[in-house]
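So the structure is just underneath, and the comments pick up after that.
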Amino acid sequence: MENTTATLHGSDILQKPGQLIDENTWEDTIAHELFHHWFGDLVTAESWSNLTVNESFANYSEYLWNEYKYGKDQADYHLMTDVNQYIHNPSDFNKNLVRFNYESREDVFDLVTYQKGGGILNMLRNYLGDDAFFAGINDY
Ligand SMILES: [Zn+2]
């Protein structure tokens, strides 16, 4: 949870040194929650309809972390896994990214708000180029 100044994680995130030799399975979650300090805490959605403003950027931070630490191939693999989750869920595939009509706020916590939004940000980055994309994020 991305509380301002104090990101909270479940106890599962505490891995022993022996576990970390194989893999830190929580790196994506850590990157995601820390990114919310900007998108989610400082830049906050007006309503649940705009939750994707927070979550798509936090989702895309997982790509950025993987690209920084492990390289573009690992980041692209992470993105492909995310997009595949979204694409192969028929109930989500036809939903708009921003939805103003929903039964419960929980309805917008889905693969569209997170994975589709992160995928769209990556598409924009590829379309605009890094200079324009990151300058835009900086302005935003
Ligand atoms: Zn989040």
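Whatever order the structure lists ligands and atoms in, that order sets their numbers, starting from 1. Residues: numbered from 1 along the sequence shown. The analysis underlying the following values was restricted to heavy atoms, covering all of them including side chains, and did not include hydrogens, waters or symmetry mates.
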Verdict with supporting geometry, Y60 and Y63, ring-ring contact (aromatic ring centres under 6.0 Å, His included): CA-CA 5 Å; Y60 193 56; Y63 181 93; 5.2 Å; yes
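- In this structure, H32 and H36 have perpendicular ring planes: the angle between them is above 60°, well past the 30° mark.
- Chaining together hydrophobic side chains whose heavy atoms lie under 4.5 Å apart places L51 alongside W48, Y102, V108, F109, Y114.
- H32 contributes atom NE2 as its closest N/O/S atom to the Zn ion (ligand 1).
- Atom NE2 is the N, O or S atom of H36 at the shortest distance from the Zn ion (ligand 1).
- In summary, E55 places an N/O/S atom under 2.8 Å from the Zn ion (ligand 1), meeting the contact criterion.
- For D130, the salt bridge (charged side-chain N to carboxylate O under 4.0 Å, His left out) criterion is met by R125, not counting sequence neighbours.
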